[in-house]
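Below is one structure; the comments refer to it alone.
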Number of protein chains: 2
Amino acid sequence: MNVTHIELRHLRLLQAVTEAGGLTAAAERLHLTQSAVSHQLKALEDALGLPLIERATRPLGLTAAGRRLLTLAHAALPQVDAALRDLAKLKDGDAGELRIAVECHTCYDWLMPAMDSYRDVWPGVELDLLGGFQADPVGLLLDGRADLVITSETVPRAGVAYAPLFGFEMLALLPPDHPLAAKKWLLPADFAGHTLITYPVPEDRLDLIRRVLAPAGIKPARREAQLTVAILQLVASRRGLAALPAWAVAPYLERGYIAARRIGKHGLWAELHVAVREADTARAYVADFIETVKRDSFARLPGIRPAIIAP
Amino acid sequence: MNVTHIELRHLRLLQAVTEAGGLTAAAERLHLTQSAVSHQLKALEDALGLPLIERATRPLGLTAAGRRLLTLAHAALPQVDAALRDLAKLKDGDAGELRIAVECHTCYDWLMPAMDSYRDVWPGVELDLLGGFQADPVGLLLDGRADLVITSETVPRAGVAYAPLFGFEMLALLPPDHPLAAKKWLLPADFAGHTLITYPVPEDRLDLIRRVLAPAGIKPARREAQLTVAILQLVASRRGLAALPAWAVAPYLERGYIAARRIGKHGLWAELHVAVREADTARAYVADFIETVKRDSFARLPGIRPAIIAP
DNA sequence: TGTTTATATGAATGTTACTCATATCGAGCT
DNA sequence: AGCTCGATATGAGTAACATTCATATAAACA
């Protein structure tokens with residue numbers, strides 16, 4: 001067959017496979033099963049009469065044909081997305097207001113750049129970032145004091161809709177020469193007798209305490225710090241241990257400033273979600289903000305994975 | 001639904017609809033039913049939440065959304081086609097030889113420009129045009145003296161494959177002030193007593209005689225001319241009538257040099273097909289030549305329509 | 001050499017895109 | 001008006017295809 005029946009779906013697939021570095025990971029991102037991805041890729045290769053990926057090599061490589069098709073994907077898909085955005089603007093208008101409340105301290109790291117790329121595309125949308133700690137950020141939506149909340153909880157609430165952003169791993173931080181650094185991963189007991197350095201938030205907002213230490217009956221001393229760099233500095237100077245998202249510490253790890261270890265064998269994973277008023281889910285500039293953040297995050301943040309928990 | 005599930009199929013559809021100037025004509029080009037086109041367009045409009053075409057206006061117009069999506073189609077589809085061509089070259093190589101025999105005299109008008117655009121894309125393919133009249137052009141394929149034949153016949157022959165190009169209308173030509181010009185279309189009897197000016201080919205190769213005049217028992221005198229302009233000039237100077245493809249006379253009609261009338265109420269339609277050796281149908285540079293000619297013809301030639309006769 | 005992780009495959013299922021048959025609509029005619 | 005013709009719309013049935021589930025195979029790691 002020569003009149004090849006290629007579709008955007010195939011381009012998105014190839015892009016996801018190369019970006020995710022494998023079929024299984026691509027499947028997660030596309031919200032498909034691994035089987036579907038394998039079948040679809042094979043069907044595409046059969047239709048073209050050419051293999052697209054190098055099997056049995058890790059990390060997965062592309063064939064010349066695969067690279068050519070990926071080039072097409074990189075050229076064509078952004079055009080398609082831009083057109084869809086323009087259509088959305090035609091439909092709903094291109095102006096609006098987005099007051100954003102953020103629950104997690106480290107989120108500013110990726111939120112700022114994401115907001116920048118969003119602003120390029122929706123210049124008519126007024127972006128505001130709400131500062132300060134909020135006891136009940138989702139409540140701000142219903143108060144009308146915020147339009148969008150980035151949160152780790154998805155407690156169902158009338159009139160509020162949640163959309164998953166991504167899952168990320170919390171890593172335990174310790175000085176590079178600390179005795180515990182010899183272990184591949186830390187167990188709850190390893191934290192006993194150490195001070196825990198955290199952001200100034202209640203204990204039930206700290207995943208490490210709520211999901212790991214408290215169930216094991218361990219209650220370490222706490223010391224609070226406002227800024228990520230302050231926490232890192234306290235850890236490096238042996239004042240205690242901390243737990244931060246993997247993406248937030250990646251740059252410091254590279255420089256050997258501190259060490260990071262998994263919490264439990266499979267790691268401690270948390271998720272971020274976006275909450276908006278249900279009435280706003282249909283607004284194009286709202287939906288596209290969520291899309292932008294997600295795309296930006298997966299492109300920029302190391303070690304994140306698609307969210308698993310149903311919103 | 002905001003995560004719009006747009007596909008290349010939709011872009012090709014919109015492009016076909018605007019180029020063909022209607023759903024029915026687009027359906028023919030896409031080898032679909034009119035129903036399929038209508039359903040698909042509606043599905044797309046529903047998914048986007050925006051109408052794409054102005055219903056109930058002739059000629060059919062696009063909405064702002066339709067124009068934006070068409071812009072996308074014009075940008076993206078050529079990129080896709082180029083990528084597919086590159087993949088075809090990767091698969092089969094990019095060199096070959098294409099000796100082309102042409103049965104119809106007027107075909108050179110569109111074949112030359114089509115060959116030019118083809119050459120841009122397949123510089124490695126050696127193009128040759130076989131000159132002179134051939135009694136049995138398709139036989140040249142099996143002799144190995146030609147690789148591709150443009151013909152109006154599709155007589156099944158072992159080892160030969162046919163692909164349809166397009167259908168076109170033969171128009172009767174007459175001087176603008178001729179009495180017959182008063183009629184909207186001509187009947188076989190109208191040709192009686194007039195000289196028929198034709199290319200120098202046997203009678204059974206002339207559609208007007210074989211399919212219209214001979215069945216009606218009319219045998220007009222004939223006069224032959226080699227060149228299209230010579231035929232036109234003879235008609236204009238009242239030496240007789242002629243019949244030529246609509247596209248070949250369109251430029252002269254505009255200038256009022258001659259007049260043209262339908263032959264029969266629904267017109268006399270003929271078709272052109274491409275014949276190649278069956279073994280060559282799988283060659284990418286052969287298949288793409290046929291595609292190029294078809295695309296080029298539909299873009300350039302007025303009054304042609306997809307072929308109907310099964311090859 | 002088992003153990004884990006990633007990919008492939010066959011059969012069953014669900015979801016679409018498509019066709020067929022028919023209805024509706026609008027423009028041009030008498 | 002009413003009629004006819006060409007074009008588009010629509011509903012129901014079908015065919016084609018994408019996806020899942022369950023399982024096999026293969027590669028990587030200790």
Side-chain angles (χ1 to χ4, degrees), chain A residues 1 3-14 16-47 51-63 66 183-185 262 264-267 303 305-306, chain B residues 1 3-14 16-47 51-63 66 184-185 262 265-267 269 303 305-306 308:
Chain A
M1 153 150 25
V3 177
T4 307
H5 189 199
I6 192 176
E7 286 293 351
L8 292 177
R9 170 164 24 102
H10 300 300
L11 299 184
R12 296 197 196 278
L13 178 86
L14 187 66
V17 167
T18 53
E19 279 179 11
L23 306 209
T24 308
E28 280 185 340
R29 276 209 213 183
L30 298 169
H31 305 293
L32 290 175
T33 58
Q34 173 270 325
S35 178
V37 173
S38 177
H39 278 295
Q40 194 172 109
L41 184 64
K42 186 168 175 348
L44 179 58
E45 289 180 322
D46 287 354
L52 295 173
I53 68 172
E54 312 263 10
R55 318 272 151 167
T57 65
R58 213 137 317 267
L60 166 150
L62 291 181
T63 63
K183 306 189 67 170
K184 285 197 87 165
W185 64 79
R262 295 211 127 167
K265 181 168 184 189
H266 301 289
R305 69 182 190 195
Chain B
M1 164 168 3
V3 175
T4 306
H5 190 195
I6 192 177
E7 286 292 350
L8 292 176
R9 171 165 20 102
H10 300 301
L11 298 184
R12 296 196 197 278
L13 179 87
L14 187 67
V17 167
T18 53
E19 279 180 11
L23 306 209
T24 308
E28 282 185 336
R29 277 209 213 181
L30 298 169
H31 305 295
L32 290 176
T33 58
Q34 173 270 324
S35 178
V37 172
S38 177
H39 277 296
Q40 194 172 112
L41 184 64
K42 185 165 175 352
L44 179 58
E45 288 180 323
D46 288 353
L52 295 173
I53 68 173
E54 312 264 11
R55 318 270 150 166
T57 66
R58 213 138 315 269
L60 165 148
L62 291 182
T63 63
K184 286 194 85 161
W185 64 79
R262 294 211 128 169
K265 181 169 184 187
H266 301 289
W269 288 81
R305 69 183 190 194
I308 294 165

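Every chain is numbered from 1, with letters handed out A, B, ... down the list of sequences. Not measured: the values here are computed from a predicted model.
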| request: Would you classify B:Gln40 as touching base, sugar-phosphate or nothing, given that sugar-phosphate means primed atoms plus P, OP1 and OP2, and contacts are heavy atoms under 4.0 Å? | output: sugar-phosphate
| side-chain N/O A:Arg9 vs D:dA18 OP1/OP2, d < 4.0 Å | yes
| Distance, rounded to the nearest Å, where B:His10 contributes NE2 and C:dC18 contributes C1' | 13 Å
| query | Any donor and acceptor pair, going by atom type alone, linking the side chain of A:Glu45 with main-chain N or O of A:Leu52 inside 3.5 Å? | reply | yes
| Can you find a heavy atom in the side chain of A:Leu14 that is under 4.5 Å from one in the side chain of A:Leu62? | yes
| Can you find a donor-acceptor pair, distance only, under 3.5 Å between B:Gln34 side chain and D:dA9 base? | yes
| Rounded distance (Å) that lies between atom C1' of C:dC25 and atom CG of B:Leu23 | 13 Å
| said: Expressed as a whole number of angstroms, how long is the span from B:Arg12:CZ to C:dC18:P? | reply: 13 Å
| note | Contacts of A:Lys184 and A:Leu32 projected onto DNA chain D by closest heavy atom; the upstream (5') one is A:Leu32
| request: Determine, answering yes or no, if B:His39 is stacked on C:dC18 under the 5.5 Å centre rule and the 30° plane rule. | output: no
| On DNA chain C, nearest-nucleotide positions of B:Ala36 versus A:Lys42: which is more 5'? | A:Lys42
| said: Just verifying a value: how many Å separate B:Leu32 CG and B:Leu23 CG, rounded to the nearest 0.5 Å? | reply: 11.5 Å
| DNA chain C: A:Ala25 or A:Lys265, which has the more 5' nearest nucleotide? | A:Lys265
| said: Rounded to whole Å, how long is the line connecting atom CD of A:Glu28 with atom P of D:dT20? | reply: 13 Å
| query | For C:dC20, does OP1 or OP2 lie under 4.0 Å from any side-chain N or O of B:Thr33? | reply | no
| query | Between B:Arg55 and D:dA7, is there a side-chain N or O to OP1/OP2 distance below 4.0 Å? | reply | no
| message | Under 4.0 Å from OP1 or OP2 of D:dT19: is there any side-chain N or O of A:Ser35 that close? | response | no
| Is the shortest heavy-atom distance from the side chain of B:Gln40 to the side chain of B:His10 under 4.5 Å? | yes
| request: Output, in order, the C-alpha distance, side-chain angles, deciding distance and verdict of side chain to side chain contact (heavy atoms under 4.5 Å, CB included) for B:Asp46 and B:Lys42. | output: CA-CA 6 Å; B:Asp46 288 353; B:Lys42 185 165 175 352; 3.1 Å; yes
| task | Give the rounded distance in Å between these two atoms: CD of B:Glu54 and P of D:dT8. | result | 14 Å
| For the pair made of CD in A:Glu45 and C1' in C:dT9, what is the distance, rounded to whole Å? | 14 Å
| said: Output the rounded distance in Å from CD1 (A:Ile53) to C1' (C:dA6). | reply: 11 Å
| task | Round to the nearest Å and state the distance from B:Leu13 atom CG to C:dC18 atom C1'. | result | 13 Å
